[in-house]
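One structure is given below, encoded as structure tokens.
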2 protein chains.
Amino acid sequence: MLRRTKKERQRLLSETIAENPFVTDEQLATRFQVSVQTIRLDRMELAIPELRERIKDVASKTYENEVKSLPIDEIIGEIIDIELDNRALSIFDVKEEHVFQRNGIARGHHLFAQANSLAVAVIDDELALTVHSNITFVKPVRAGDRVITKAIVIGRDENSHRTKVELTSTVNGETVFVGEFDMYRTKGEGEQQ
Amino acid sequence: MLRRTKKERQRLLSETIAENPFVTDEQLATRFQVSVQTIRLDRMELAIPELRERIKDVASKTYENEVKSLPIDEIIGEIIDIELDNRALSIFDVKEEHVFQRNGIARGHHLFAQANSLAVAVIDDELALTVHSNITFVKPVRAGDRVITKAIVIGRDENSHRTKVELTSTVNGETVFVGEFDMYRTKGEGEQQ
DNA sequence: GTTGTTATTAGCACTTGGTACTAATATCAG
DNA sequence: CTGATATTAGTACCAAGTGCTAATAACAAC
């Protein structure tokens, strides 16, 4: 073959597109030093859709996964179950970049972020803001741990627009984090953090 | 005017597209019983981009946010002054990626992260871990705001290895966040979050 | 009613990033 | 050298537009 084998090029092509779906056939042709037609034949063999379809796929994924009060991309951790104004569950896999290098323990703010995101998501409103929270880091969490966080709505006050949410995070069944969050429901325009 | 006023139609048009960016001009023309050209004039006046651009926007947002979440390393915000075991000061510039798209208000966990990082940094020890914290988001923070956070060590108990730190964040002199952090001093090996 | 203004519609050329298809070459292996 | 595989070129066509000009339509004011 020419520059490399066809196989090799197609392997790289798949990778490149997976990495950056926004690339056009022409850009790919330049990068791999082949004609646009070759790229198209490759895509066909590999069953890779055209640029516009790829972009649409990415876009619609975000859209589908949208839970009423918050787009999925604003959540830390993945929501696996949600019942608005009642309870929600998310998982968050702790990786190397989340821990202190010195001792391998996860930084508190990542656990807080997961809990806070979930508290926001469980509120069935345009957008909820955290007003106050009281939290305790019960046990250290390390890289590799899978943190399962549960949010339970425990109270609601219509007058003050406040909702109380109880958060509990566990790793292998052991509680690592607990918190109580006071959330403010926004009606149109927000007021608080 | 015809079916309704132009204004009314444009208002509905904005809404419709905001709700479902995947709709084409032709579909919109059918829905509003006007010609495709009218829809295009409307979009121009309202500065709404074409379908493909809208979809690309949605897609690239997911893509960006996927990489982001909470910044990886060390300290959130820049420490500009520190006096170990006494006090510390950091600044954090709130950018677009830190706020809810919906209302432009910063997500709580970014402010928490800045405060938490500073609380860890101010402790003169190998490494400190947050055990407990009680925080209040006093005022909403928005993109463009420069948050100045001050940490003051207010108490220390040698027996329990605990240190209390008081955190206050301000924007233009106005308090936006306050918190009290209970920190655990690690001697070699850590125990807590 | 005529005039002026704003709103709406039509039509055409052109753009991007493709698909679908045919046909001509190139390259390599046996 | 021959045949299979790979690559390139070229054409017609499509969706969903932009940009532009020009013709109507609707309504308001005088």
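Below, chain A is the first sequence line, B the second, and so on; all start at residue 1.
Rounded to an integer number of Å, the gap from CD of Gln33(A) to P of dT7(D) is 14 Å. One atom, CD1 of Ile39(A), and another, P of dG18(C), lie 11 Å apart when rounded to the nearest Å. Atom-to-atom, NZ of Lys56(B) to P of dG18(C) comes out at 11 Å; the value is rounded to the nearest Å. Computed from coordinates, the Gln10(A) CD to dT5(D) P distance equals 15 Å when rounded to whole Å. dA23(C) atom C1' lies 12 Å from atom CD of Gln37(A), rounded to whole Å. Computed from coordinates, the Phe32(A) CZ to dA6(D) P distance equals 17 Å when rounded to whole Å. Put simply, NZ on Lys7(A) is 22 Å from P on dT27(C), counting in whole angstrom units. Glu26(B) places its CD atom 12 Å from the P atom of dA10(C), with the value rounded to the nearest Å.
The stretch residues 44-53 of chain B has no heavy atom under 4.0 angstrom from DNA chain C at all.
Residue-to-nucleotide proximity on DNA chain C shows that, of Asp25(A) and Thr38(B), the 5′-proximal contact is made by Thr38(B).
Among the nucleotides dA6(D), dA16(D), dT8(D), the one closest to the side chain of Lys6(A) is dA6(D). Considering only side-chain atoms of Ser35(B), the nucleotide from dT9(C), dA9(D), dT19(C) that sits closest is dT9(C). Here dT7(D) is the nucleotide among dA9(D), dT7(D), dG17(D) with the atom lying nearest to any side-chain atom of Leu41(A).
Listed for the Arg54(A) side chain is a donor-acceptor partner under 3.5 Å among the backbone atoms of Pro49(A).
Tyr184(A) and His161(A) have their aromatic ring centers within a separation under 6.0 angstrom.
Residue-level contact check: Arg43(A) touches the backbone only, with heavy atoms under 4.0 Å from sugar-phosphate atoms and none from bases.
Dense packing is recorded around CD of Glu83(B), with more than 12 heavy atoms of other residues, nucleotides or ligands lying under 6.0 Å away.
If you check the side chains of Thr38(A) and Ser35(A), you find a donor sitting under 3.5 Å from an acceptor.
When side chains are defined from C-beta on, Leu28(A) does not count as touching Thr24(A), because their heavy atoms never get closer than 4.5 Å. With a 4.5 Å cut-off on side-chain heavy atoms, Leu84(A) and Ile82(A) count as touching.
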Distance-only donor-acceptor hits, side chain of residues 169-178 of chain A, under 3.5 Å, sequence neighbours excluded:
unit_1, atom_1, unit_2, atom_2, d
Ser169(A), OG, Thr149(A), OG1, 2.7

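Note on Arg9(A): a side-chain N or O is less than 4.0 Å away from OP1 or OP2 of dT7(D).
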